[in-house]
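Both counts, for ligands and for their atoms, begin at 1 and track the order of listing.
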Amino acid sequence: MTQTLEFTQQLSDHPKSAEERAAILADPGFGNYFTDHTAVVDYKVDAEGNGGWSGARIEPYGPIALDPSAAVLHYGQEIFEGMKAYKHADGSVWTFRPEANAKRMNRSARRLALPEIPEETFLESLRQLVEVDKDWVPNGDGEALYLRPFMIATEAFLGVRPAREVSFRVIASPVGNYFGGELKPVSIWLSEQYARAGRGGTGEAKCGGNYAASLAPQMEAEAHGCKQVLFLDPFNDNAVEELGGMNIFFVFKDGTLVTPELNGNILHGVTRSSIIQLAKDRGLEVQERKITIDEWRDGVASGDITEAFACGTAAVITPIGELKTKDGSIGSPGGNAGEVSMSIRKQLLGIQTGAVEDTHGWLTRLA
Ligand SMILES: *Cc1c(COP(=O)(O)O)cnc(C)c1O
């Protein structure tokens, strides 16, 4: 039914030189640098109350002019996505399960009263952007072009209601390892004062507001020498939920994987669902269920829980060495990079980078 939008293209007059780009790609870090272009699609509700997307375009990367009363600046009506494009050995560029991101963006849109974007327009915006900026896709170990689609309420209006003007955009950033440098187990801080999400809230929407609320606990984590925060559900026996921007898994001694069930508070991670599939392919049992902080502590003490890892597009799979709490630690500083965690990481990254066969049809070519 929905017709596909044609993208127009206005190329940058001042793209970075090949030398500047090479200097950036030599040490990209995470989220520091952006490519020369951006994809944009606008949404507007007309006088009859009918909404529609139009003006699909590629334009030079640069500041956005927004009215100071734009709804996003006051009420945080914003959602986003995150995915990676990898360069394969033959120079082609691929991304991982983008339809899942498009569907999730629309689920987030419904929760934040933003318009849904046709899946084909979402995918085409990625293709268009990566096609013009394909020289920006790094191909070093663990490196990728991080794609950040987002949607903001641009309407100039201070009343509280869903905005009638919205902008969807995609920006792209060459990235290395999320936690910097070589992959090694990370220390996580247990947030006991703050929760991330509440029943009926926005926990399973990928929205900026959730991240704003995670920054104070994140600062607490950093003050304790930790890179990420773990959130619990204090109204549900201190069930483990997830980290500020990553899902969590536990590996048991018998090979069973356990991850918190999707109970409305937890982000439906594409990495999470892919790991569940890969583990089942290996004949491992996977349980999506409630796991409390006490079960984690007791399981590590008894030897039943042998590994814990964080997962998400940015971090892929990153082993958790130690969970620090105000009453002591679970695990040990430095910890060990668990065998199961690292093996699944290798397989997943192998599929994404084209080194391992993609038997589930998870890859989509972008350029
Ligand atoms: C994006 C995100 C994740 C990971 O999702 P992926 O699709 O695997 O990248 C997990 N938790 C939160 C809160 C997130 O925002």
Side chain to side chain contact (heavy atoms under 4.5 Å, CB included) filter on Lys290, not counting sequence neighbours, yields Asn236, Asp237, Ala239, Glu261, Thr292
Partners passing side-chain hydrogen bond (donor to acceptor under 3.5 Å, both in side chains) against Ser329 (at least two apart in sequence or in another chain): Glu322
Assess the residue pair Tyr194 and Arg196 against the criterion (side-chain hydrogen bond (donor to acceptor under 3.5 Å, both in side chains)); give the C-alpha distance rounded to whole Å, side-chain angles, the decisive distance to 0.1 Å, and a yes or no. CA-CA 7 Å; Tyr194 304 104; Arg196 179 184 165 273; over 6 Å; no
Treating Glu165 as the side-chain partner and Thr154 as the backbone partner, does any N or O pair qualify as donor plus acceptor under 3.5 Å? no
With Glu59, which residues qualify under side-chain hydrogen bond (donor to acceptor under 3.5 Å, both in side chains), at least two apart? Arg57
Crowding at CD, Gln277 (>12 non-hydrogen neighbours, <6.0 Å): yes
First-shell residues of ligand 1 [heavy atom, distance under 4.0 Å]: Arg104, Arg196, Lys206, Tyr211, Glu242, Gly244, Gly245, Met246, Asn247, Leu267, Gly269, Val270, Thr271, Gly312, Thr313
